[in-house]
Amino acid sequence: MKKLSVKTVVAIGIGAALFFVLGKISIPTPVPNTYISLQYAIEAVFATLFGPVAGLLIGLIGHTLVDATSYGPWWSWIIASACVGLIIGLITMKLDINEGINTKKIVTFNVAQIIAHLLAWGLIAPVLDIVIYSEPLEKLFAQGLMAGVANIITTGVVGTLLLIAYAETVVKRGSLKKED
Amino acid sequence: MARIAILSYIKRDSLVHELTGRTKLVFFLAWSVASMVTYDTRVLVCMLLFSIAIFKISRIRVKDISVVLGLAAVFLLMNNLFVYLFSPEYGVGLYQSRTVLFTIAGPYTVTLQQLFYHLNMTMKVVCVVPIALLFIACTDPSEFASSLASIGVSYRIGYSVSLALRYIPDVQREYHNISQAQQARGIDLSGKDKLFTRMKNSVAILLPLVLSSLNRIETVSNAMELRGFGRNKKRTWYNLRRMQRNDWIVTFLAAAILAVDLLVTFWDGSRYYNPFL
């Protein structure tokens with residue numbers, strides 16, 4: 001495995017801290033144990049900026065801390081959270097947000113987050129729940145679907161806005177214009 | 001200041017506190033795996049009793065963690081309720097017999113098998129709760145990194161974990177400050193606004209938070225780089241404690257529990273203990 005750079009190590013730590021803090025203030029939805037989760041928007045942005053390994057570990061560490069400090073860890077969802085970061089990070093690896101942002105990059109980011117959330121909450125979390133906790137299929141897919149859709153919307157809106165705003169703050173090469 | 005109810009390290013004098021972080025981590029992981037694998041009622045009852053016994057030994061009082069226990073109870077209750085709403089006959093399929101106790105309405109009958117399934121599912125979660133809480137409440141956070149590293153996780157990842165623990169209060173304070181400042185400007189996150197407006201408003205809070213976090217990442221990683229972090233393959237830990245006699249006993253105990261758990265669970269070729277056949 002390639003060694004993690006110092007910056008990635010710190011990004012994982014601070015990203016996980018952000019994930020944790022936002023995970024504690026989530027807005028509830030009508031389906032049990034499912035929330036509008038701002039932390040996934042942050043995870044997606046950090047995965048895009050710092051790569052798949054960072055995304056994976058932010059999800060893993062952040063979600064474990066959230067669960068372990070409120071009730072026992074629910075491993076299947078922790079693993080799903082980690083996968084979200086990994087998948088988004090992998091697909092957006094080639095996007096260099098520091099070089100500015102355009103429509104194509106925004107579309108790629110959103111395609112990545114939709115794929116990631118669908119896979120994580122539609123497939124990985126329910127399947128693991130069946131294997132580990134043997135819960136009924138109908139309940140799991142209703143729950144997974146609800147969580148997935150809520151997360152896609154949150155990440156789509158909040159994540160995209162954050163990414164655009166971040167790109168605006170980075171000074172780009174050749175961005176100075178001579179005043180007429 | 002509105003505090004978020006979070007479980008944290010509680011310093012006491014007890015056998016559980018004396019164990020090294022590594023021992024507790026190994027025990028916690030083994031225990032989690034054991035509870036995840038099994039669906040055998042006999043194993044679950046033993047694990048539940050054992051976890052309560054450990055809780056007694058740790059001298060953490062129920063009062064210390066009552067908020068967390070309340071959360072866990074609500075979580076479990078909702079989970080059970082929804083499992084029942086979605087498939088009231090699930091236990092019947094699982095245990096392949098049907099003993100109707102009474103009928104509520106329509107397809108919602110209460111069967112002995114369904115109740116038994118709920119009991120097992122609940123125990124599976126409940127027996128992890130005390131151990132998970134104790135792991136958090138009895139382990140000094142500064143020992144996390146060294147204990148992760150000592151079970152073979154790369155020390156970089158261990159360092160990420162301790163950075164996360166170190167910066168949670170800072171990030172929390174910053175979040176609080178920013179959200180107060182934005183509220184003063186009329187941007188609200190509470191239930192008074194529509195869901196979509198709330199989401200848009202959250203960007204106004206998250207953006208300064210993300211930007212300041214990115215700055216922080218820059219500062220901290222520069223500082224670490226200056227001190228030569230990551231130059232060597234290994235590093236030593238200030239907080240690393242030597243394994244004592246008790247640590248070895250508990251580590252072997254963890255392995256033994258896992259082994260017995262697997263053995264009993266899969267002895268008859270099925271995860272489930274079925275008293276109905």
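Quick note on labels: first sequence line is chain A, next is B, and so on, each numbered from 1. Nothing here was measured: the structure is a model prediction, and the numbers come from that model.
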*Any chance you could measure B/Leu71, atom CG, to B/Leu76, atom CG, to the nearest 0.5 Å?*
11.0 Å

*Quick one: what part of B/Val125 sits under 4.5 Å from any heavy atom of chain A, side chain, backbone, both or neither?*
side chain

*Answer with side chain, backbone, both or neither: which region of B/Leu206 has an atom nearer than 4.5 Å to a non-hydrogen atom of chain A?*
both

*asked:* Under 4.5 Å from any heavy atom of chain A, what part of B/Met36 do you find: side chain, backbone, both or neither?
replied: both

*Using non-hydrogen atoms only, which part of B/Leu94 is less than 4.5 Å away from chain A: side chain, backbone, both, or neither?*
side chain

*asked:* Using heavy-atom distances under 4.5 Å, tell me whether A/Phe19 contacts chain B through its side chain, its backbone, both, or neither.
replied: neither

*Taking every heavy-atom pair that is under 4.5 Å apart, which of B/Phe229, B/Phe135, B/Tyr159 has the most such pairs with chain A?*
B/Phe229

*Part of A/Leu49 lying under 4.5 Å from any heavy atom of chain B*: side chain

*B/Lys124 and B/Thr38: which non-hydrogen atoms are nearest, and at how many Å?*
NZ-O, 2.9 Å

*Residue among B/Asn222, B/Val128, B/Leu207 with most heavy-atom pairs under 4.5 Å to chain A*: B/Leu207

*Check for a donor-acceptor pair, side chain of A/Gln39 on one end and backbone N or O of A/Leu18 on the other, with a separation under 3.5 Å.*
no

_Given heavy-atom pairs under 4.5 angstrom as the criterion, report whether the side chain, backbone, both or neither of A/Ile132 touches chain B._
both

*What part of B/Glu218 lies closer than 4.5 angstrom to a heavy atom of chain A: side chain, backbone, both or neither?*
side chain

_Which atom of A/Ile124 lies closest to which atom of A/Ala80, heavy atoms considered_ = CG2-CA, 4.3 Å

*For A/Tyr133 and B/Asn79, test the side chains for any donor-to-acceptor distance below 3.5 angstrom and give the result as yes or no.*
no

*Under 4.5 Å, counting heavy-atom pairs only, tell me which of B/Ser160, B/Ser32, B/Ala72 racks up the most with chain A.*
B/Ser160

*Side chain, backbone, both or neither of A/Thr64 within contact of chain B (heavy atoms, under 4.5 Å)*: neither

*Can you tell me how far the CG atom of B/Asn274 sits from the OH atom of B/Tyr95, to the nearest 0.5 Å?*
7.0 Å

*Contact origin within B/Leu69 toward chain A - heavy atom pairs under 4.5 Å*: neither

*Per-residue contact mode, A/Ile61 against chain B (heavy atom under 4.5 angstrom)*: side chain

*Given that the side chain runs from C-beta out, which part of A/Phe141 has a heavy atom under 4.5 Å from chain B: side chain, backbone, both or neither?*
neither

*Would you name the heavy atoms of A/Gly62 and A/Phe20 that are closest together and state the gap between them?*
O-CD1, 4.5 Å

*Non-hydrogen atoms of chain A under 4.5 Å away: do they reach the side chain of B/Leu214, the backbone, both or neither?*
side chain

